[in-house]
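Written below as structure tokens is the structure these notes are about.
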Amino acid sequence: MPELPEVEATRLSFADRIAGGRIEDAWLGKALRWPLGMPVGQLVGGRVLGVRRRGKYLLLDLDKGLLLLHLGMSGSLSFAPHLPPRGAHDHFELATDRGILRLNDPRRFGAVVWTPSQSDARARKLLDGLGVEPLGADFLPEAFHAALRARKAAIKQVLLSGDIVVGVGNIYASEALFLAGIRPTLSAARISRPRAARLHAAIREVLGRALAVGGTTLRNYSNAVGERGNFQFEVAVYGRSGKPCRVCGTLIKTLRQGQRATFYCPRCQKT
DNA sequence: AAAAGCCCCTGGATGC
DNA sequence: TGCATCCAGGGGCTTT
């Protein structure tokens, strides 16, 4: 479900409010992707210093340790002074004196992991291999082009892999490639310097725009205070199979790459 | 080293 | 209405 814009929109919606909060209660329900790594009760008494993001991970800095949160395909957070009674798909809760943080995740591909610090082996295993932040200052066209040249796989899958640039999931990979006019099946290594620069700009544009409108809400996504995104009204190709391209009118096509659907315009994305 | 598949899990949409 | 099948915003792990 959530890609970078949704995760960042979620972070922005509660980071300032929870910061400084003292943990009064902590609860873990059904198992998520991995075990927490400590008895959940030991979180009580600690403090939440702040919330950062790395790729699609949320990093809750505690006075003692670090809590890594991942929303997987279907996860979302809620944060409020009071929340309705827990439902079947609520799996984690952190009650602080600033409010209650709750993770809802029907498919349970998400995760909550505690580590003593970001340099701990468990944290490093999850974070170290990640590519650069697409909206950060070190995402640069030249280095991006150089990294693409080393990869022969299809550009769509290279984007999705997250090891060159993070945060681009299935929606925004298709959208960025459309904006850049690049066929999703093209080998990354065969993308010219100017086209790589165009793709670089497209990734920033589409993620930046999606974040600005609160992300994409296909089904249930909303940020931690219940606000839905609006980027679904602006998608050019994702989920628009068989509909006319907004630029040229050609019918949008779907194909399957590595178990995931890819959408593109055969005319705007010729090669 | 990179690439390709597999799989975790639940719910909604579609088809018979 | 009931049941089977397919599909879904991710990504770590194993195998080629």
Roughly how many Å is it from [atom1] in [X] to [atom2] in [N], rounded to a whole number?
X        : N      : atom1 : atom2 : result
A:Asp128 : C:dC13 : CG    : P     : 13 Å
A:Leu32  : C:dG12 : CG    : C1'   : 15 Å
A:Met73  : B:dC7  : CE    : C1'   : 12 Å
A:Leu255 : C:dC7  : CG    : P     : 14 Å
A:Leu71  : C:dG11 : CG    : P     : 10 Å
A:Leu218 : B:dG11 : CG    : C1'   : 15 Å
A:Leu58  : C:dG10 : CG    : C1'   : 14 Å
A:His89  : B:dC9  : NE2   : C1'   : 10 Å

Open item on the list: Let's test this: given Watson-Crick or G-U wobble pairing with both distances under 3.5 Å, identify the partner of B:dA13.
Closed with: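 Partner of B:dA13: C:dT5.
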
Are [X] and [N] close enough that a side-chain N or O sits under 4.0 Å from OP1 or OP2?
X        : N      : result
A:Arg33  : C:dG10 : no
A:Lys125 : C:dC13 : yes
A:Tyr238 : C:dG9  : yes
A:Arg260 : C:dG11 : no
A:Lys30  : B:dC9  : no
A:Tyr57  : C:dG12 : yes
A:Arg256 : C:dA8  : yes

Checking only heavy atoms, does the side chain of A:Arg107 share a donor-acceptor pair with the base of C:dA8 at less than 3.5 Å?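 Such a pair is found, so the answer is yes.
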
Interatomic distance at P, B:dC6 relative to C:dC6, whole Å |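 That atom pair is separated by 15 Å.
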
Task: C1' gap between C:dG9 and B:dA3, integer Å - done: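 Their C1' atoms lie roughly 23 Å apart.
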
Among the candidates [options], find the nucleotide nearest to the side-chain atoms of [X].
X        : options               : value
A:Arg151 : B:dC6, B:dA2, C:dG10  : B:dA2
A:Leu126 : B:dT10, C:dG12, C:dG9 : C:dG12
A:Gln157 : B:dT10, C:dG9, B:dA4  : B:dA4

_Carboxylate-amine/guanidinium contact A:Asp163 A:Arg151, below 4.0 Å_ =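 A salt bridge is present here (some side-chain N lies under 4.0 Å from a carboxylate O).
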
Salt-bridge present (A:Arg102, A:Asp90; N to O < 4.0 Å):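 Here A:Arg102 pairs with A:Asp90 in a salt bridge, since their nearest N and O are under 4.0 Å apart.
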
- [ ] Answer yes or no for this row: A:Phe109 ring on B:dC8 base, centroids under 5.5 Å, planes under 30°.
- [x]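 Check passed, A:Phe109 stacks on base of B:dC8.
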
*asked:* Can you list everything that forms a side-chain hydrogen bond (donor to acceptor under 3.5 Å, both in side chains) with A:Asp138? Sequence neighbours excluded, please.
replied: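 Partners of A:Asp138 under the side-chain hydrogen bond (donor to acceptor under 3.5 Å, both in side chains) test: none.
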
Specify the residue among A:Gly258 and A:Ala150 whose closest nucleotide of DNA chain B lies further upstream toward the 5′ end.
->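 That would be A:Ala150.
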
Which part of the nucleic acid, if any, lies within contact of A:Gly169, taking any heavy atom under 4.0 Å across all strands shown: a base, the sugar-phosphate backbone alone, or nothing?
->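 Since only primed, P, OP1 and OP2 atoms lie under 4.0 Å of A:Gly169, the category is sugar-phosphate.
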
Taking atom CZ as the centre, does A:Arg204 end up with more than 12 heavy-atom neighbours from other residues, nucleotides or ligands that are less than 6.0 angstrom away?
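Count over threshold, so yes.
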
Spell out, as yes or no, whether a donor-acceptor pair under 3.5 Å connects the side chain of A:Ser74 to the backbone of A:Arg107.
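Yes.
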
Requested in this report: If a pair satisfies ring-ring contact (aromatic ring centres under 6.0 Å, His included) and one of its residues is in residues 26-49 of chain A, list it, with sequence neighbours excluded.
Outcome: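 Pairs touching residues 26-49 of chain A that pass the test: none.
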
